[in-house]
Amino acid sequence: MIEKAHSRNADSLVVLDFETTGLSPNSGDRAIEIGAVLIEGGRIADRFQQLMNPGRQVSQFISQYTGITNAMLRDAAPCEIVMNEFADFIEGHNLVAHNASFDRCFLDAELLRIGRNYSGGFACSMLAARRLYQDAPNHRLSSLVAYKRLPTDGVFHRALADAEMTAHLWLQMLEDIGQIYGYQDVPFSLMQKLTRTNKKAVAKLLSCK
DNA sequence: TGCCAGGCCCTCTTTAGGGCCTT
């Protein structure tokens, strides 16, 4: 079933990225950083980035992977406070993330803890890129940034940096679809449909305006 | 004690298995 795109702020969306203590909130993992950018009118209009204290130590692997240390998290606000502010930030917007199933799990888990929710649709830049850029060497965020020569400051695995690169990737996909298939604006609902379309049927879907 | 994620997608498929991607 195709998710319903949010009716308000139809041309805006929030691209988000979590850094976490591990891979699964169902195994006790928590968020340690959230980064997000608000896209309005085809450009980045606002940013959100905060470390958050998960109430537990992060592993050496995570510290090496993200550069986020226990010392950095010691004085950070607890997840509950940060996520409450973030729930306000995403209110009324559709959402995008790279491998969205991962970020959605953590978003749902952290918001559930504070009794908050969100109403926008959720789309995945990785699934869209797999369909649009079938010749890419792979569909990791870093590889797609290099493949499409997207702006980057060279920082990877930090929430805001990854969210900004994902935003540039998303805007690039919208531009490529517009140029190839003649769209002036690509509806969010079409991007959601794209991520659920068989690779061989991509051209047919995008050609049916 | 031993194990330890999960959704998506492709194919040597659908009564399954394994790779990709996120931290």
Side-chain angles (χ1 to χ4, degrees), chain A residues 1-3 14-37 48-70 72-73 76 79 82-83 86 90 95-113 121-148 150 152 155-170 172-173 191-205:
Chain A
M1 187 175 116
I2 296 168
E3 295 171 31
V14 170
V15 183
L16 63 95
D17 183 73
F18 278 104
E19 303 306 318
T20 70
T21 63
L23 291 170
S24 174
N26 293 330
S27 300
D29 289 317
R30 299 292 306 272
I32 57 174
E33 187 180 46
I34 178 68
V37 297
F48 185 104
Q49 179 183 33
Q50 284 206 49
L51 291 169
M52 55 188 118
N53 189 331
R56 49 171 288 191
Q57 297 282 300
V58 300
S59 68
Q60 187 175 17
F61 170 80
I62 292 297
S63 288
Q64 289 179 340
Y65 186 79
T66 65
I68 299 170
T69 65
N70 286 301
M72 293 165 67
L73 296 174
C79 295
V82 174
M83 290 307 300
F86 187 63
I90 64 176
L95 306 174
V96 168
H98 200 70
N99 196 13
S101 63
F102 174 85
D103 292 279
R104 186 173 193 168
C105 273
F106 278 93
L107 180 64
D108 289 347
E110 293 295 346
L111 291 183
L112 181 64
R113 286 172 173 268
F122 217 135
C124 178
S125 58
M126 184 192 74
L127 295 181
R130 277 182 179 170
R131 283 146 180 85
L132 285 179
Y133 304 138
Q134 297 182 25
D135 292 334
N138 60 61
H139 297 88
R140 294 175 200 147
L141 179 58
S142 57
S143 299
L144 290 165
V145 165
Y147 179 70
K148 297 302 294 184
L150 300 173
T152 172
V155 175
F156 291 90
H157 307 305
R158 286 299 299 267
L160 182 58
D162 284 2
E164 291 212 27
M165 287 186 286
T166 302
H168 287 300
L169 172 63
W170 189 259
Q172 184 67 55
M173 288 192 286
M191 294 300 286
Q192 289 181 304
K193 279 185 188 176
L194 176 64
T195 66
R196 294 171 172 80
T197 300
N198 185 292
K199 278 183 180 179
K200 296 174 183 173
V202 167
K204 183 179 178 183
L205 170 72

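Chain letters run A, B, ... following the sequence lines, proteins first, then strands; residues in each count from 1. Any value given below was found using the heavy atoms of this structure, including those in side chains, with hydrogens, waters and symmetry copies removed.
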*Asks:* Rounded to the nearest angstrom, tell me the gap between atom CD in A/Glu33 and atom C1' in B/dT23.
*Replies:* 12 Å
*Asks:* In chain order, what residues pass the side-chain hydrogen bond (donor to acceptor under 3.5 Å, both in side chains) check against A/Ser59, with sequence neighbours excluded?
*Replies:* none
*Asks:* With rounding to whole Å, what would you report as the distance between B/dC21 and B/dT15 at their P atoms?
*Replies:* 27 Å
*Asks:* A/Glu19: what forms a salt bridge (Lys or Arg N to Asp or Glu O under 4.0 Å) with it, not counting sequence neighbours?
*Replies:* none
*Asks:* Going by side-chain hydrogen bond (donor to acceptor under 3.5 Å, both in side chains), name the residues that satisfy it together with A/Ser101, two or more places apart in sequence or in a different chain.
*Replies:* A/Asn99
*Asks:* If you assign each of A/His157 and A/Ser101 to its closest nucleotide in DNA chain B, which residue comes earlier from the 5' end?
*Replies:*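 Looking at the nearest nucleotide for each, A/Ser101 comes out on the 5' side.
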*Asks:* Look only at the side chain of A/Glu33 and the backbone of A/Ala159, and say whether a donor-acceptor pair between them is shorter than 3.5 Å.
*Replies:*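 Confirmed, A/Glu33 side chain pairs with A/Ala159 backbone.
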*Asks:* Can you tell me how far P in B/dG17 sits from the matching atom in B/dT23, rounded to whole Å?
*Replies:*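 Going atom to atom, P in each nucleotide, I get 29 Å.
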*Asks:* So, is A/His139 close to the B/dC20 phosphate, meaning a side-chain N or O under 4.0 Å from OP1 or OP2?
*Replies:*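 So the side chain of A/His139 is outside the cut-off, no N or O lying under 4.0 Å from OP1 or OP2 of B/dC20.
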*Asks:* Only counting residues at least two apart or in another chain, list the ones meeting ring pair (Phe, Tyr, Trp, His ring centres under 6.0 Å) with A/Phe18.
*Replies:* none
*Asks:* To the nearest Å, give me how far apart CE (A/Met126) and C1' (B/dC8) are.
*Replies:* 7 Å
*Asks:* If I pick the P atom on B/dC3 and the same atom on B/dC10, what distance separates them, to the nearest angstrom?
*Replies:*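 Those two atoms are separated by 32 Å.
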*Asks:* Rounding to an integer number of Å, can you tell me how far A/Leu141 CG sits from B/dT23 C1'?
*Replies:*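 Spelled out: CG on A/Leu141 to C1' on B/dT23 is 13 Å.
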*Asks:* On DNA chain B, nearest-nucleotide positions of A/Phe18 versus A/Cys105: which is more 5'?
*Replies:*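 It is A/Cys105, whose closest nucleotide lies nearer the 5' terminus.
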*Asks:* Apply side-chain contact (heavy atoms from CB on, under 4.5 Å) to A/Lys148 and list each qualifying residue two or more places apart in sequence or on a separate chain.
*Replies:*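 side-chain contact (heavy atoms from CB on, under 4.5 Å) check on A/Lys148 returns A/Tyr133, A/Leu150, A/Gln172, A/Asp176.
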*Asks:* What interatomic distance, in whole Å, is found between C1' of B/dC9 and the corresponding atom of B/dC4?
*Replies:* 24 Å
*Asks:* Considering only atom C1', compute the distance from B/dC20 to B/dG2 and round it to an integer number of Å.
*Replies:* 27 Å
*Asks:* For nucleotides B/dC12 and B/dG18, find the distance between their C1' atoms and express it as a whole number of Å.
*Replies:* 12 Å
*Asks:* Listed by chain and number, what are the side-chain contact (heavy atoms from CB on, under 4.5 Å) partners of A/Pro54, not counting sequence neighbours?
*Replies:*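 Partners of A/Pro54 under the side-chain contact (heavy atoms from CB on, under 4.5 Å) test: A/Thr21, A/Arg30, A/Ile32, A/Arg56, A/Leu73, A/Cys79.
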*Asks:* Let me know the distance between CG of A/Leu73 and P of B/dT23, rounded to the nearest Å.
*Replies:*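 Spelled out: CG on A/Leu73 to P on B/dT23 is 16 Å.
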*Asks:* For nucleotides 9-14 of chain B, give me every protein contact, N/O to N/O, under 3.5 Å, one pair per line with atom names.
*Replies:*
from: B/dC9; atom 1: OP1; to: A/Arg131; atom 2: NH1; distance (Å): 3.3
from: B/dC9; atom 1: OP1; to: A/Arg131; atom 2: NH2; distance (Å): 2.0
from: B/dC9; atom 1: OP1; to: A/Thr195; atom 2: O; distance (Å): 3.0

*Asks:* Just by distance, do the side chain of A/Thr66 and the backbone of A/Arg158 share a donor-acceptor pair under 3.5 Å?
*Replies:* no
*Asks:* Give me the distance, rounded to whole Å, that separates B/dT1 from B/dG6 when you measure between the C1' atoms they each carry.
*Replies:* 25 Å
*Asks:* At less than 4.0 Å, is any side-chain N or O atom of A/His98 found next to OP1 or OP2 of B/dC21? Yes or no.
*Replies:*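 The answer is no; no side-chain N or O of A/His98 sits under 4.0 Å from OP1 or OP2.
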*Asks:* May I ask you to list the residues of residues 21-30 of chain A, by number, that have any heavy atom positioned under 4.0 Å from an atom of DNA chain B?
*Replies:*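 Correct list: A/Gly22, A/Leu23, A/Ser24, A/Asn26, A/Ser27.
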*Asks:* Is it the case that A/Ser143 and A/Asn138 place a side-chain donor and acceptor less than 3.5 Å from each other?
*Replies:* yes
*Asks:* Using a heavy-atom cut-off of 4.0 Å across all strands, would you classify A/Phe61 as base, sugar-phosphate, or nothing?
*Replies:* base
*Asks:* Between A/Arg56 (CZ) and B/dT23 (C1'), how many Å, whole number?
*Replies:*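 After rounding, the gap between these two atoms is 12 Å.
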*Asks:* Could you state the atom-to-atom distance from CG of A/Asp103 to P of B/dG7 in whole Å?
*Replies:* 14 Å
*Asks:* How long is the line joining CZ of A/Phe156 and P of B/dT22, in whole Å?
*Replies:* 11 Å
*Asks:* Enumerate the residue pairs fulfilling salt bridge (charged side-chain N to carboxylate O under 4.0 Å, His left out) with a member in residues 123-133 of chain A, sequence neighbours excluded, ordered by first and then second residue.
*Replies:* none
*Asks:* Mind calculating the distance between CZ (A/Arg158) and P (B/dT23) to the nearest angstrom?
*Replies:*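 Result: 12 Å.
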